[in-house]
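Read the structure below first, then the notes.
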Amino acid sequence: MQDKYQPAAVETAAQQHWDDTQAFRAVEDTKRPKYYCLSMFPYPSGKLHMGHVRNYTIGDVLSRYHRLRGYNVMQPMGWDAFGMPAENAAIQNNVPPAQWTYANIDYMKGQLKRLGFAIDWSREVATCTPEYYRWEQWLFTRLYAKGLIYKKLGTVNWDPVDETVLANEQVIDGRGWRSGALVEKREIPMYYMKITAYADELLEALDGLPGWPEQVKLMQKNWIGRSQGVEVHFPYDLSTVGKSGVLKVFTTRADTLLGATYVAVAAEHPLAAQAAAGHPELAAFIEECRHGGVAEADLATMEKKGMPTGLRVVHPLTGEYLQVWVANYVLMGYGEGAVMAVPAHDERDFAFATKYSLPIKMVVRSTHDAYETVVAPWIDAYAEHGKLVNSGKYDGLRFDAAVDAISADLAAKGLGAKRTQYRLRDWGISRQRYWGCPIPMIHCADCGDVPVPDAQLPVVLPENVEITGRGSPLAKMPEFYECACPQCGKPARRETDTMDTFVESSWYFLRYACADNATAMVDERVNYWAPADQYVGGIEHAILHLLYSRFFTRAMRDEGLVNISEPFTNLLTQGMVVAETYYREQAGGKKQWINPADVQVERDDKGRITAARLAADGQPVVIGGTEKMSKSKNNGVDPQALVDQYGADTARLFIIFAAPPDQQLEWSDSGVEGASRFLRRVWNYGHAFVQEVRPALPAARKLGTGELPGALADVRREIHTHLKQANHDFGKHQFNTVVSAAMKILNALEKAPREPAGAHAEIAEEGFGILLRLLSPITPHISHALWQDCGFGADILAASWPEPQAAALKQDELELMVQVNGKLRGSIKVPASAGKSDIEAAALASEAAQRFMEGQAPKKVVVVPGRLVNIVV
RNA sequence: GCCGGGAUGGCGGAAUCGGUAGACGCAGCGGAUUCAAAAUCCGCCGCCGCAAGGUGUGUGGGUUCGAGUCCCACUCCCGGCACCA
């Protein structure tokens, strides 16, 4: 054993041992409970960032903890390898996406191994390999045959200069990020997955997920957005529209129908197009609505604009004529592309009506008498439910009765009915990009859209391709798209769109169970491992990825591929890693971001930061606040440098100790120093244990059989108290306080009296054995080495998890706090067996109580067992 | 804009069921060791106050013997918003 802690040597040896013994190879075993520990697989962007290290450290802690608890643990890893960054890198550096991706995977895999994660690498998958995506294509054809995938028009961001479709993040202030051109909305045919067919099940099954954070379930519930409402039909006014028909709208506020004063349609709505013919101003407005992106956040925050069409529809109950407006906030892809407007009781309609001087008709009076009439400015009470007024025969009805009566009358006229609506929309999966899974369809002039037959799968993505950032690369490759129709054999055109990368990540966790199967998507092993007992990943995936995965698992269940519905039994959403930012203002007002590693911080005598300077030139820099680690803010800390300098255990320890897993983690170089210092102390204690303590151990252990001297009994109780706390915190996934408990145990061991030597050695042996096992999930390398060197056993992986002993926790005397009128005034010591009246008497007699009661008689005495006594005077 | 979350010393955080606010660590200060430094060890450390004591968990109210924790209203920060992953 080395005198000094040398992390590199310790970690290399431990990792070699795990490799040699194939320690983390997971094999199906029905005799032990299984524990499938899943972490969100990374996009191979180049090198690991701190968010990855945090994610996988949390997963590894859970995996190793459960292993020592006796579970058959499987912890796999793979690569979410398709996506836009590979194409961007190709444009920038002229490297083919495949080559770039595989090189990144190679490098990042080495980094993961260096961090000592207990991963079963035999199950590795990379989604960009035909071995993986062929099954995605295969499933696509099954779901297509079933009608669960269909084609319709969808709206995308179109860059007219680069002639390409842009992702929302590539649209900045309404312009293409590369070309700077004004982005337009464009409708193109796309394939959709019918996730809405599962909307009710996805919603209702949330109640059966006790292992998921409430906030995530709530977000998913709101995202699905099931609402009960009424579909209302407004018949066209023949004299203005020129044809018969109805305008359909959906409303959750049918009680306010009599307050509808106009209707609004989307710019793409057929009525808008009709009105625009021969109405140049309106046509110009509709053209203006086409500019800008499709992101909901932009649409919701932009200025609400509209224009009348001159067309009218008929109110279904009153027969009045209502104006049809075109409004930029009404979306064609949502519902029927039309809304009824009730300005008196809807804030957005109110703002619009006020702006364009449209009539406002109050039809609900708030039950709280919050208002007499609806006048500006808007107050929230206008939108509350209440009794109907100005609504003829419906006057006096409250919400439920009003909706019932109005929907019944609409139904009688054939102009509407109650309906359930969802906010959730079907999932558009077509992408006009190269680096993705090809959609296995062939378009034939005679036969229409024909799925690629099983025998021709996979449709392999060509890897030698030129990426320019203009247009879709596959659509420029005849060798890819020219093919024969599988049905009639005539020349046909292969689909050149690829799939959304969320499709790959919707089923990778099932493929891990049987990644080596070349003849089926999944096999019976999936029913041993799935569902994942624990899923660990970023909160930013709370809705899309997790909802798609829940949907996919059900779709695969209904194909008979798996026998589960929910893919993830427990979910842990980890917080972000943030760090301080520093910058200098440059001439044009542009900020030059400076990496924290290059900055020196000055503090006052209380440790408060007063200034920061660039180390290179000694000149001040501006402190910009803490932000998520990112390239753009140049505040990232390179995990590789950290591991090179301090070792993997220090990196892991700091990350676990600095914050609870679900909260944001603030980077701190001195915190890393502290973690490293603690591990050195652990090592030094282990060294002293071997040298001095071990030789003093009695041949026959007496611990727990006889009386310990009081001071050593206190040390032992303290250790077991901390262990109890640590076990409780492990259960809560609050690993930062597990580290605290480990630190407290080491503090107690170091301060323990050395006499009598035999008794001390026994306490030390028990306590240090507890400490090493507590730390082993977090800092596995040093724990492995010390476990062996200190003679606890050959391999800590074979050890069992420590449990606190009741006898060690026993206490004879308790200290209780004494309060007078709720303020802490002192404390008393009582025997653990003392009854309530004894405690009361002792508290009243105490010096502190006497002093602050000032001779007054107690009105009431509250005794909280084991905690405190509160005397009220 | 809509949905979800967060706020506790100089800093990260702890406080299990409404019961000692600030555990553990970092930074800082004082001391020991050292030729000196690093490392290590010991002590102090919310704020005001010489002390007694007062005060304190984003802000303002409320419930309670007792509130960081429960209730109401607000402020600021963060995540998501369907083509970043």
Side-chain angles (χ1 to χ4, degrees), chain A residues 40 42-43 45 80 83-85 154 156-157 165-171 213-216 218-219 221-223 225 294-302 329 333 347-348 423-433 500-502 505 538-545 547-548 573 575-576 578 603-609 625 627-628 654 657-660 662-675 677-678 680-681 684 725 728-729 732 734 736-737 739-744 747 815-819 821-824 827 859-862 864 866-872:
Chain A
M40 290 182 182
Y43 179 81
S45 55
D80 187 12
M84 285 201 313
V156 295
N157 303 307
V165 175
L166 297 179
N168 284 334
E169 72 157 7
Q170 297 173 318
V171 179
E214 285 304 321
Q215 57 156 314
V216 174
L218 193 54
M219 280 191 267
K221 180 177 179 245
N222 291 336
W223 186 261
V294 298
E296 191 193 293
D298 296 334
L299 296 169
T301 50
M302 72 187 177
Y329 63 86
E347 187 171 4
R348 194 173 60 182
R423 207 187 81 93
L424 180 69
R425 312 198 293 262
D426 278 338
W427 175 14
I429 57 163
S430 295
R431 298 289 179 271
Q432 299 69 44
R433 303 190 200 295
D500 181 2
T501 56
F502 271 126
S505 57
I539 182 70
E540 65 274 19
H541 294 291
I543 296 177
L544 291 180
H545 163 60
L547 195 62
Y548 291 149
T573 47
M576 295 178 310
V578 301
R603 293 167 190 276
D604 65 12
D605 58 1
K606 296 217 166 141
R608 281 180 291 235
I609 293 173
E627 306 228 28
K628 181 176 173 174
F654 170 72
F657 182 53
D662 56 349
Q663 279 178 36
Q664 89 174 10
L665 186 155
E666 204 162 302
W667 196 260
S668 153
D669 288 331
S670 52
V672 174
E673 285 284 351
R677 191 175 308 151
F678 172 70
R680 279 202 300 275
R681 277 175 60 206
N684 292 342
Q725 179 73 52
H728 179 261
D729 293 347
K732 281 200 303 180
Q734 189 174 291
N736 55 325
T737 49
V739 176
S740 295
M743 288 172 167
K744 289 174 190 176
N747 290 346
E815 187 180 25
L816 301 184
M817 295 303 123
V818 175
Q819 297 184 336
N821 287 336
K823 291 199 175 188
L824 183 68
S827 66
K859 273 194 213 146
K860 185 175 176 182
V861 181
V862 182
V864 184
R867 295 256 182 205
L868 59 73
V869 184
N870 187 15
I871 300 162
V872 186

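In the text below, chain A, chain B and the rest are named by the order of the sequence lines, each starting its count at 1. Keep in mind the model is a prediction, meaning the values are calculated, not measured.
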*Could you tell me which nucleotide pairs with B/G28 by Watson-Crick or G-U wobble geometry, both distances under 3.5 Å, or answer none if nothing does?*
B/C44
*Separation of the P atoms in B/A38 and B/C29, to the nearest angstrom*: 12 Å
*asked:* Tell me whether the rings of A/His545 and A/Phe502 are parallel (<30°), tilted (30 to 60°) or perpendicular (>60°).
replied: parallel
*Heavy-atom side-chain contact between A/Met84 and A/Glu169 under 4.5 Å*: yes
*Any side-chain N or O of A/Asn747 less than 4.0 Å from the OP1 or OP2 oxygen of B/C24?*
no
*Reckon A/Lys221 has a side-chain N or O less than 4.0 Å from the OP1 or OP2 of B/G4?*
no
_For B/G12 and A/Asn736 - does any side-chain N or O of the residue sit under 4.0 Å from the phosphate oxygens OP1/OP2?_
no
*Nearest to side-chain heavy atoms of A/Glu540, which nucleotide of B/A82, B/G79, B/G13*: B/G79
*asked:* Less than 4.0 angstrom between a side-chain N/O of A/Arg680 and OP1 or OP2 of B/U40, yes or no?
replied: yes
*Does A/Asn168 make a side-chain N or O approach to OP1 or OP2 of B/C84 shorter than 4.0 Å?*
no
_Suppose you measure atom C1' in B/G62 against the same atom in B/C84; what distance do you get, rounded to whole Å?_
46 Å
*asked:* Among B/G25, B/A14, B/A82, which nucleotide has an atom closest to any side-chain atom of A/Ala295?
replied: B/A82
*asked:* For B/C65, does the base pair up with any side-chain atom of A/Asn870 as donor and acceptor (N or O, under 3.5 Å, distance only)?
replied: yes
*Establish whether the base of B/G1 is bridged to the side chain of A/Glu296 by a donor-acceptor pair shorter than 3.5 Å.*
yes
*asked:* According to salt bridge (charged side-chain N to carboxylate O under 4.0 Å, His left out), who are the partners of A/Arg423, at least two apart in sequence or on a separate chain?
replied: A/Glu296
*Syn or anti conformation of B/C65, syn meaning chi within 90° of 0*: anti
*Could you please name the option among B/A15, B/G5, B/C65 that lies closest to any side-chain atom of A/Leu218?*
B/G5
*Syn versus anti for B/G12, judged by chi lying within 90° of 0?*
anti
*Output yes when at least one side-chain N/O atom of A/Arg677 is less than 4.0 Å from OP1 or OP2 of B/C26, else no.*
yes
*Quickly work out the A/Phe657 CZ to B/C11 C1' distance and round it to whole Å.*
13 Å
*Could you check which nucleotide pairs with B/U16 in any of the strands shown, counting Watson-Crick or G-U wobble with both distances under 3.5 Å?*
none
*Of the nucleotides B/A14, B/A85, B/G1, which has the atom closest to the A/Leu544 side chain?*
B/A85
*So, is A/Ser740 near the phosphate of B/A23, with a side-chain N or O under 4.0 Å from OP1 or OP2?*
no
